[in-house]
Amino acid sequence: MTDLDFLSVADLEIQALRDVLDRAAAVKKAPRAVRGRLDDMKVGLFFEKPSTRTRVSSEVAIEDLGAHPVVLKADEVGLGKREAVEDVARVLDRYLDVLAFRVFHHSDLEVLADYAAAPVINLLSDLEHPCQALADLMTIAEHRPLQDTVLAYVGDGNNVAHSLMLAGAMTGMQIRVATPEGYGPHDDFVRLARRLGSAGGGTVEALHDPAAAVKDADVVYTDVWASMGQESETATRHELFADFQVSLSLFDTAASDAIFLHCLPAHRGEEVVHAVMEHDRSRVFDQAENRMHAFKALLLYLTAL
């Protein structure tokens, strides 16, 4: 067992990221080759936020690898409320081989990692969605080499955008993030992504013009305009983000073989139109499937198997 954690894409070295992506592709091609590899291990899955893809993909991945998933609900654990985060970490560490947490506050993950010897995986936090980024890059790699691929992310500069910037820059991609003024990615993530990308030619541009971002791009990506916990901002965001919808006309300005990605759930008619979701170059459901394969590869990496 390693003492590695996966709170951020940047927790992986560049070669390790490439190795995980290669392993994910191999696992997808030959799933039986890794069946039972984590026999008798126990993986905790904690969900402070509701989940469809993360819950099912991770639980199925764990079962397929021969491990036992232990699903924990927020109201059962009371993370930071009924019990201190550091106490939860130390207790679960006595029972489980890997801790995977989907939380509101990234700081809770950092405390868990500090107090648990087992690997801690970020299933989603307010700052990053690194497991999603693994599936995203895996999906893009099925379409074209990652090096020099131009990805246009249009919408809210949120946790998904942060992880995409890091992972994309680390693998030599050209990332363009187009957001309304005041809704861009955090400056710290932009700086980190640019630094990580400097060795391999990866770049990051933060823009406010969706047309400039999408023009001739190889990949067009979007996410919901208001994430869980931002429901009170929905009406305001709909007004501010109206020009950032991925319409068919906007998608048509991308490269002729460009693919469309969305981490789901999608609000059709808001951040993306139905015609783009159902486009013959939409890879949204390949992307959703790849969450499972990528999670298997990550578990194998973190447990050194």
Donor-acceptor pair between Glu63 and His68 side chains, under 3.5 angstrom
no
Asp93-Tyr115 side chain donor-acceptor pair, cut-off 3.5 Å:
no
Here the gap from Leu4 atom CG to Leu302 atom CG, rounded to the nearest 0.5 Å, amounts to 6.0 Å
Measuring only between side-chain heavy atoms, which start at C-beta, is Met138 closer than 4.5 Å to His293?
yes
Cut-off 3.5 Å, side chains only: do Asp136 and Tyr153 have a donor facing an acceptor?
no
Would Met173 and Leu137 count as a side chain to side chain contact (heavy atoms under 4.5 Å, CB included) here? Give the steps.
CA-CA 10 Å; Met173 294 174 63; Leu137 266 63; 4.2 Å; yes
Compare all side-chain heavy atoms of Arg194 with those of Thr203 and state whether any distance is below 4.5 angstrom.
no
Measuring from atom CG of Leu124 to atom NE2 of His106, what distance do you get when rounded to the nearest 0.5 angstrom?
11.0 Å
Taking CD in Glu13 as the centre, count heavy atoms belonging to other residues, nucleotides or ligands within less than 6.0 Å. Is the count above 12?
no
Regarding Glu128 and Ser8, is there a side-chain donor-to-acceptor distance under 3.5 Å anywhere?
yes
Hey, are Asp126 and Asn159 close enough side-chain-wise for a donor-acceptor pair under 3.5 Å?
no
Could you check, using the six-membered ring where one of them is a Trp, whether Tyr183 and Phe241 have ring centers closer than 6.0 angstrom?
yes
So does Thr179 get a backbone contact from the side chain of Glu181, meaning a donor-acceptor N/O pair under 3.5 Å?
no
Check this for me: Lys215, atom NZ, are more than 12 non-hydrogen atoms of other residues, nucleotides or ligands nearer than 6.0 Å?
no
Give, for atom CG of Leu21 and atom CE of Met170, the distance between the pair rounded to the nearest 0.5 Å.
9.5 Å
Would you say the side chain of Ile62 lies within less than 4.5 Å of the side chain of Leu38, judging by non-hydrogen atoms?
no
Are any of the side-chain heavy atoms of Asp108 and Val111 separated by less than 4.5 Å?
no
Under 4.5 Å between side-chain heavy atoms, counting indirect links through other Ile/Leu/Val/Met/Phe/Trp/Tyr residues: same cluster for Leu164 and Val154 or not?
no
Is there side-chain contact between Leu96 and Val43, with at least one heavy-atom pair below 4.5 Å?
no
Residues Cys131, Phe6; criterion side chain to side chain contact (heavy atoms under 4.5 Å, CB included); working and verdict:
CA-CA 9 Å; Cys131 292; Phe6 188 61; 4.1 Å; yes
Common cluster, Val34/Met292, ILVMFWY with side-chain heavy-atom separation under 4.5 Å:
no
If a pair satisfies salt bridge (Lys or Arg N to Asp or Glu O under 4.0 Å) and one of its residues is in residues 147-160, list it, with sequence neighbours excluded.
Asp156-Arg237
Between the side chain of Thr149 and the main-chain N/O of Pro145, is any donor-acceptor distance below 3.5 Å?
yes
May I ask you to test the Leu92-Leu72 pair for a side-chain heavy-atom distance under 4.5 Å?
yes
Using a distance-only test with no angle check, is there a side-chain donor-acceptor pair under 3.5 angstrom linking Asn290 and Glu142?
yes
Distance, nearest 0.5 Å, that separates CZ of Phe101 from CG of Leu79:
6.0 Å
Tell me whether the count of non-hydrogen atoms from other residues, nucleotides or ligands lying under 6.0 Å of CD in Gln15 goes above 12.
yes
Glu271 CD to Phe244 CZ distance, which is reported to the nearest 0.5 Å
14.0 Å
Can you tell me how far apart CZ (Arg35) and CG (Leu65) are? Round to the nearest 0.5 Å.
9.5 Å
Taking side chain as C-beta onward, heavy atoms only, is Leu7 less than 4.5 Å from Leu112?
no
Hey, which of Arg291, Lys49, Gln132, Glu59 is the one that makes side-chain hydrogen bond (donor to acceptor under 3.5 Å, both in side chains) with Thr54?
Arg291
Does any donor atom in the side chain of Glu278 or His274 lie under 3.5 Å from an acceptor atom in the other side chain?
no
Any Lys/Arg nitrogen of Arg144 or Asp218 sitting under 4.0 Å from an Asp/Glu carboxylate oxygen of the other?
yes
Can you check ring-ring contact (aromatic ring centres under 6.0 Å, His included) on Tyr221 and His262, steps first, answer last?
CA-CA 6 Å; Tyr221 195 124; His262 192 305; 7.3 Å; no
Taking the side chain as C-beta and beyond, is there a heavy-atom pair between Lys42 and Tyr95 under 4.5 Å?
no
Go through the steps for Asp257 and Arg281 under the test salt bridge (charged side-chain N to carboxylate O under 4.0 Å, His left out), then give the verdict.
CA-CA 7 Å; Asp257 63 345; Arg281 284 185 276 115; over 6 Å; no
Are the charged groups of Arg90 and Asp87 less than 4.0 angstrom apart, N to O?
yes
Side-chain donor or acceptor of Arg176 paired with backbone N/O of Ala152 under 3.5 Å
no
Derivation and outcome, side chain to side chain contact (heavy atoms under 4.5 Å, CB included), residues Glu83 and Val77
CA-CA 7 Å; Glu83 191 166 4; Val77 177; 5.8 Å; no
What do the steps show when you test Val71 against Phe46 for side chain to side chain contact (heavy atoms under 4.5 Å, CB included), and what is the final call?
CA-CA 6 Å; Val71 179; Phe46 173 84; over 6 Å; no
